[in-house]
Amino acid sequence: MVEVTYEMPVSVKGDTIVYDTDAFVSGTEKKLKDVLENLPGIEINDDGQIEVEGKTVSKVMVEGKDFF
């Protein structure tokens with residue numbers, strides 16, 4: 001018997017989406033925008049705002065602390 005354990009790199013907690021960004025980056029990203037564009041479900045609109053499922057993101061946290 002073989003048991004495969006895999007931890008999902010994305011979790012949803014209420015209205016918060018938590019990403020394990022290490023699962024989505026290659027190390028060549030130079031700016032936060034490059035990292036965000038690699039995350040599933042996230043888009044950067046023409047105004048430079050972050051959107052998830054068509055809704056503008058009002059708060060971004062990095063390692064549990066407010067980023068902006």
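The first residue in the sequence is number 1, and the count goes up from there.
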Legend entry - Euclidean distance, Glu53 CD relative to Ile17 CD1, rounded to 0.5 Å: 6.0 Å
Inset, instruction - Report the distance from atom CG of Leu32 to atom OG1 of Thr21, rounding to the nearest 0.5 Å. - result: 9.5 Å
Inset, instruction - Report the distance from atom CZ of Phe24 to atom CG of Leu39, rounding to the nearest 0.5 Å. - result: 6.5 Å
Inset, instruction - Using modelled atom types only, decide if a donor and an acceptor are shared between the side chain of Asp47 and the backbone of Gln49 within a distance under 3.5 Å. - result: no
Inset, instruction - Decide yes or no for Lys31 and Asp34: does some side-chain heavy atom of the first lie under 4.5 Å from some side-chain heavy atom of the second? - result: yes
Legend entry - Distance in Å, Lys33 NZ paired with Ile50 CD1, rounded so as to fall on 0.5 Å steps: 11.0 Å
Inset, instruction - Starting at CG of Leu36, measure out to CD of Glu43 and round the result to the nearest 0.5 Å. - result: 12.0 Å
Inset, instruction - Using a cut-off of 6.0 Å, state whether more than 12 heavy atoms not belonging to Asn45 lie near its atom CG. - result: yes
Legend entry - Tyr19 versus Pro40, closest heavy-atom pair with distance: OH-O, 2.7 Å
Legend entry - Closest non-hydrogen atom pair between Glu29 and Ser26, with its separation: OE2-N, 2.9 Å
Legend entry - Closest heavy-atom pair and its distance - Val60, Val57: CG2-CG1, 4.0 Å
